[in-house]
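Each remark here refers to the structure printed beneath this line.
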Amino acid sequence: YDKQLAKCLKKLKNQSHSDIGEDAMVMAGLMANAGIKGSMAGTATRAIFSRFGSENRNAYQALRALNVDFTDENGEVRRIADVMKDVSARFKQGVDPNQLLNFAEAISGEKIHADTRRKLDSFIENTQKHGGKMTGADMLKMSSMLAGQEAMSGLLSVLLGDWDDLAKKIEDAHGAAEKMANVQLDNLSGDLAILGSAWDAFQQGFFEGAAGEGLRAFVQSLTESAK
């Protein structure tokens, strides 16, 4: 994934490192909530970033099928969090059947790999049959196209989780740490004890098990690719 990850980082140059790091943390946390922890979560997070930012034909066609844009009106890559939340909405709420018809018409004359076309045709047929709602099988199929076989379970746990809720918890924890940095030195001891309890409770819920190890591995690979 190293070359793909490097491509992704170049495309994300308009985004801050803190935004990228926060998005990676939320993804790893949602995977941990679903039981995907440690190096598995780190590998899956890295794979998702790589494929979303690369020119992978399956991921590109899957986003088109779901009517989700990877770039904005200026051609800049959108924040991964925004793309993920749009894809998540399609998984949970369904896809517009009329949009699916338009997509089917658009790809009818395009040169697409036979295996990719079979997956897209099957997805379109099944989703239309269910009024735009995605079945479990179609969710797995789309997750596989978007993230690859190795990371599809991780992506599915992200898409079916509550991104905004976990992001808010992370933001609150960061706010508590920032507030702690502003306290006077003579109050440091007592405030550290209070903050330590709050942070321990957050870590137990978010980094339960070895999920933090997987996130660390992802961040390290992110740093190496950016050099």
Side-chain angles (χ1 to χ4, degrees), residues 1-31 41-96 98-100 102-103 106-107 110-113 116 120 123 142-148 151-152 154-168 170-171 174 215 217-227:
Y1 295 116
D2 289 337
K3 289 182 179 179
Q4 290 182 341
L5 188 58
K7 282 185 180 179
C8 178
L9 289 175
K10 287 180 181 178
K11 291 185 177 182
L12 293 174
K13 63 184 178 182
N14 61 314
Q15 299 177 26
S16 70
H17 289 174
S18 61
D19 284 347
I20 296 172
E22 181 184 314
D23 293 349
M25 187 177 291
V26 174
M27 281 195 280
L30 290 171
M31 290 182 207
T43 299
T45 302
R46 184 182 180 193
I48 291 167
F49 265 84
S50 298
R51 283 175 69 98
F52 270 58
S54 72
E55 297 171 0
N56 182 277
R57 64 171 182 264
N58 282 332
Y60 170 70
Q61 295 294 358
L63 287 174
R64 286 182 67 194
L66 296 169
N67 197 28
V68 173
D69 293 323
F70 189 66
T71 56
D72 60 23
E73 62 273 11
N74 298 316
E76 297 284 354
V77 173
R78 298 173 64 206
R79 184 169 170 177
I80 290 292
D82 296 329
V83 176
M84 284 290 179
K85 286 190 278 188
D86 281 354
V87 175
S88 176
R90 304 295 188 275
F91 272 50
K92 294 174 181 178
Q93 301 164 18
V95 185
D96 182 353
N98 291 325
Q99 181 272 317
L100 279 175
N102 293 336
F103 173 66
I107 65 171
E110 294 182 11
K111 288 184 66 175
I112 298 176
H113 190 277
T116 301
L120 292 173
F123 169 72
M142 285 290 106
S143 295
S144 174
M145 291 184 70
L146 287 166
M152 69 176 185
L155 177 61
L156 191 58
S157 66
V158 170
L159 297 176
L160 297 181
D162 191 332
W163 184 290
D164 287 334
D165 179 65
L166 185 53
K168 179 67 165 57
I170 293 172
E171 183 182 355
H174 175 72
L215 181 60
F218 167 78
V219 172
Q220 287 174 336
S221 69
L222 201 68
T223 303
E224 284 300 313
S225 297
K227 288 179 179 178

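Taking each heavy atom of Asn67 and Arg90 in turn, the nearest pair found is O-NH2, 2.9 Å. Considering every non-hydrogen atom in both Leu155 and Ser143, the closest pair reads CD2-O, 3.9 Å. The shortest heavy-atom contact between Arg64 and Ala106 is NH2-CB, 4.0 Å. Among all heavy-atom pairs drawn from Ala151 and Ala47, the shortest one is CB-CB, 3.8 Å. When all heavy atoms are compared, the tightest approach of Arg51 to Ala59 is O-CB, 3.9 Å. Residues Leu120 and Ala65 share a closest heavy-atom pair of CD2-CB, 4.1 Å.
Between Met31 atom CE and Thr43 atom OG1 the span is 9.5 Å, to the nearest 0.5 Å. Expressed to the nearest 0.5 Å, how far CG of Leu146 lies from CG of Asn56 amounts to 9.0 Å. For the atom pair Arg57 CZ and Ile112 CD1, the distance stands at 10.5 Å (nearest 0.5 Å). Here the CG-CG distance, from Leu63 to Asn58, works out to 11.0 Å after rounding to the nearest 0.5 Å. The CG atom of Asp96 sits 12.5 Å away from the CG atom of Leu66 when rounded to the nearest 0.5 Å.
Look at Arg79 and Asp23 and you find a salt bridge, because one of the NZ, NE, NH1 or NH2 atoms lies within 4.0 Å of a carboxylate O, short of that distance.
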Item to check | Trace of the side-chain contact (heavy atoms from CB on, under 4.5 Å) decision for Asp82 with Phe70 | outcome: CA-CA 9 Å; Asp82 296 329; Phe70 189 66; over 6 Å; no

Checklist entry - Would Met84 and Val26 count as a side-chain contact (heavy atoms from CB on, under 4.5 Å) if you check the C-alpha gap in whole Å, the side-chain angles of each, and the deciding distance to 0.1 Å? => result CA-CA 11 Å; Met84 284 290 179; Val26 174; over 6 Å; no

Next on the checklist: Set out, in order, the CA-CA distance, both residues' side-chain angles and the distance that settles side-chain contact (heavy atoms from CB on, under 4.5 Å) for Leu159 and Met142, then state yes or no.
Outcome noted: CA-CA 11 Å; Leu159 297 176; Met142 285 290 106; over 6 Å; no

Checklist entry - Could you walk me through whether Ile80 and Phe49 pass the side-chain contact (heavy atoms from CB on, under 4.5 Å) check? => result CA-CA 8 Å; Ile80 290 292; Phe49 265 84; 3.8 Å; yes

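No more than 12 heavy-atom neighbours from other residues, nucleotides or ligands sit within 6.0 angstrom of NZ on Lys168.
Between Gln61 and His113, every side-chain heavy-atom pair lies at or beyond the 4.5 Å cut-off. Residues Met25 and Thr45 have side chains not in contact (no heavy-atom distance under 4.5 Å, counting atoms from C-beta outward).
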